A.B. asks: 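Have a look at this one before I ask anything.
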Number of protein chains: 2
Amino acid sequence: MKMTPEILLKSLSDQTRLRSVMLLMQEGELCVCELTYALDLIQPKISRHLASLRDMWVVIDRRAGQWVYYSINSDLPLWANELLQALLKGSLNDKQHRADLKKIKNMSNRPENRICA
Amino acid sequence: MKMTPEILLKSLSDQTRLRSVMLLMQEGELCVCELTYALDLIQPKISRHLASLRDMWVVIDRRAGQWVYYSINSDLPLWANELLQALLKGSLNDKQHRADLKKIKNMSNRPENRICA
DNA sequence: AAATAATATATGGTTGATCATATATATGTC
DNA sequence: GACATATATATGATCAACCATATATTATTT
């Protein structure tokens, strides 16, 4: 795994991927169906972008039954983390990001709520 | 002028533009012929990418006789500056960036050297 | 079987590259 | 001053590669 400025920028230069990463930064971990709901996009599109982020080592995934959860790769170099922090700061006033966040907060029937046991 | 995460990421997701911005961050200000030399690319390509960066308010230009100098836009929001700093940190160990920097340092006949008078 | 997620396929739009040329500025000659 | 020439830079036109997308289907888990 070799994260470079070029790779990271490329991975974030798509709107859907940027929105996904910003949500992951705020929420920690989300599954495909949650992102699909929050971003209000169709599932194959979300799945594809998440796969792209995973292939570029920006995010990692884990399966929990039917659900696949994605989260930011904690092994990113310091500069990459700093870049993401700066990005989040720039996104906090972003209308789209705020709407995404609100949507996930209001989502009912989240998997997490179901697998408490 | 409205700089957003999306705009900034898009502007930096091209290799030539990224290399240009990293050099500008290190050198402060460079003209087209200097960047053309340092990046070892043809002039129209450099000119186009710089125009793109200018149109997206990442850089500003000023003409000094025959020469047009480009530099990072000092009015960028804080988060954008932080992002660029993080990016530079990630680029310092980058082979390509180091080669670019070395090339500009070794450039003879730089305009700056000629317009001392 | 049902729910969730990933993938195959085809399509169209975007973006970057290159060559040629236009534009801007400076200098030399008459 | 007018004109020719040189140099630096920007832009028009064109093309090809790439990437994102949607629909349909497959894979995985329960």
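Note that these values count all heavy atoms, side chains included, but never hydrogens, waters or copies made by symmetry. To find a chain, count down the sequence lines: A is the first, B the second, and so on, and within it residues start at 1. Given the structure is predicted, the values throughout are model-derived calculations rather than measurements.
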A.B. asks: Between dA8(D) and Tyr70(B), is there an OP1 or OP2 to side-chain N/O distance shorter than 4.0 Å?
C.D. replies: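 Tyr70(B) to dA8(D) OP1/OP2: no side-chain N or O under 4.0 Å.
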A.B. asks: Take atom CG of Leu39(B) and atom C1' of dA17(C), then tell me their distance rounded to the nearest Å.
C.D. replies: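 Those two atoms, CG and C1', are 15 Å apart.
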A.B. asks: Assess whether side-chain hydrogen bond (donor to acceptor under 3.5 Å, both in side chains) is satisfied between Gln85(B) and Asn81(B), documenting all intermediate values.
C.D. replies: CA-CA 6 Å; Gln85(B) 288 297 329; Asn81(B) 274 304; 5.8 Å; no
A.B. asks: So Tyr69(B) and Glu34(B), do their side chains get closer than 4.5 Å, heavy atoms only?
C.D. replies: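 A side-chain contact exists here, since the closest heavy-atom pair is under 4.5 Å.
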A.B. asks: Considering the options Lys102(A), Arg19(A), Gln26(A), which one meets the side-chain hydrogen bond (donor to acceptor under 3.5 Å, both in side chains) requirement together with His97(A)?
C.D. replies: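 Only one option passes, and that is Gln26(A).
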A.B. asks: Listed by chain and number, what are the side-chain hydrogen bond (donor to acceptor under 3.5 Å, both in side chains) partners of Asp61(A), not counting sequence neighbours?
C.D. replies: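 Asp61(A) satisfies side-chain hydrogen bond (donor to acceptor under 3.5 Å, both in side chains) with Arg54(A) once adjacent residues are dropped.
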A.B. asks: Heavy atom of residues 46-53 of chain A under 4.0 Å from DNA chain D: which residues?
C.D. replies: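 Hits under 4.0 Å, by residue number: Arg48(A), His49(A).
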A.B. asks: Does a side-chain heavy-atom distance below 4.5 Å link Leu30(A) with Tyr70(A)?
C.D. replies: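 Result no, sub-4.5 Å side-chain heavy-atom pair not found.
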A.B. asks: dT21(D) C1' sits how many Å from Asp40(A) CG, rounded?
C.D. replies: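 My rounded result for the distance is 16 Å.
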A.B. asks: Lys45(B) or Ile42(A): which one's nearest nucleotide on DNA chain D is closer to the 5' end?
C.D. replies: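 Checking each residue's closest nucleotide, the 5'-ward one belongs to Lys45(B).
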A.B. asks: Check the distance between dT11(D)'s P and Asp55(B)'s CG and give it to me in whole angstrom.
C.D. replies: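 It is 8 Å, rounded to the nearest whole Å.
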A.B. asks: Do Ser11(B) and Trp57(B) have side-chain heavy atoms sitting under 4.5 Å apart?
C.D. replies: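 Heavy-atom side-chain distance check fails, nothing below 4.5 Å.
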A.B. asks: Return a table of donor-acceptor pairs under 3.5 angstrom between the side chains of residues 39-48 of chain A and protein atoms on other chains or two or more places apart.
C.D. replies:
none

A.B. asks: Please report the distance, rounded to the nearest Å, between CZ in Arg17(B) and C1' in dT15(C).
C.D. replies: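 Between C1' of dT15(C) and CZ of Arg17(B): 9 Å.
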A.B. asks: Separation of Tyr69(B) atom OH from dA8(D) atom C1', in whole Å?
C.D. replies: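 Atom OH in Tyr69(B) sits about 11 Å away from atom C1' in dA8(D).
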A.B. asks: For Lys89(B), give me all partners under side-chain hydrogen bond (donor to acceptor under 3.5 Å, both in side chains), at least two apart in sequence or on another chain.
C.D. replies: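 Residues passing side-chain hydrogen bond (donor to acceptor under 3.5 Å, both in side chains) with Lys89(B): Glu82(A).
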A.B. asks: Rounded to whole angstroms, how far apart are CG on Leu41(B) and C1' on dA10(D)?
C.D. replies: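 That distance rounds to 17 Å.
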A.B. asks: Where along nucleotides 24-30 of chain D does protein come under 4.0 Å, by heavy atom, of base (B) or sugar-phosphate alone (S), with - for untouched nucleotides?
C.D. replies: B----BS
A.B. asks: Please answer whether the main-chain N or O of Ile7(A) pairs with a side-chain N or O of Thr4(A) as donor and acceptor at a distance below 3.5 Å.
C.D. replies: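 Present.
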A.B. asks: Give every pair of a protein N or O atom and an N or O atom of nucleotides 3-5 of chain D that lie under 3.5 Å apart, one pair per line with the distance.
C.D. replies:
none

A.B. asks: Has the side chain of Glu27(A) got a donor or acceptor atom that lies under 3.5 Å from a matching backbone atom of Leu24(A)?
C.D. replies: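 No; zero donor-acceptor contacts below 3.5 Å.
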A.B. asks: Please state how far atom CZ in Arg62(B) lies from atom C1' in dA8(D), giving the value in whole angstrom units.
C.D. replies: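 For the pair Arg62(B) CZ and dA8(D) C1', the rounded distance is 15 Å.
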A.B. asks: Starting at atom CD of Gln15(B), determine the distance to atom P of dA17(D), rounded to an integer number of angstrom.
C.D. replies: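 So the two atoms are 18 Å apart, to the nearest Å.
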A.B. asks: Counting N and O atoms only, with roles assigned by atom type, does the side chain of Asn73(B) sit under 3.5 Å from a partner on the main chain of Ile60(B), one being a donor and the other an acceptor?
C.D. replies: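 Side chain of Asn73(B) to backbone of Ile60(B): no pair is present.
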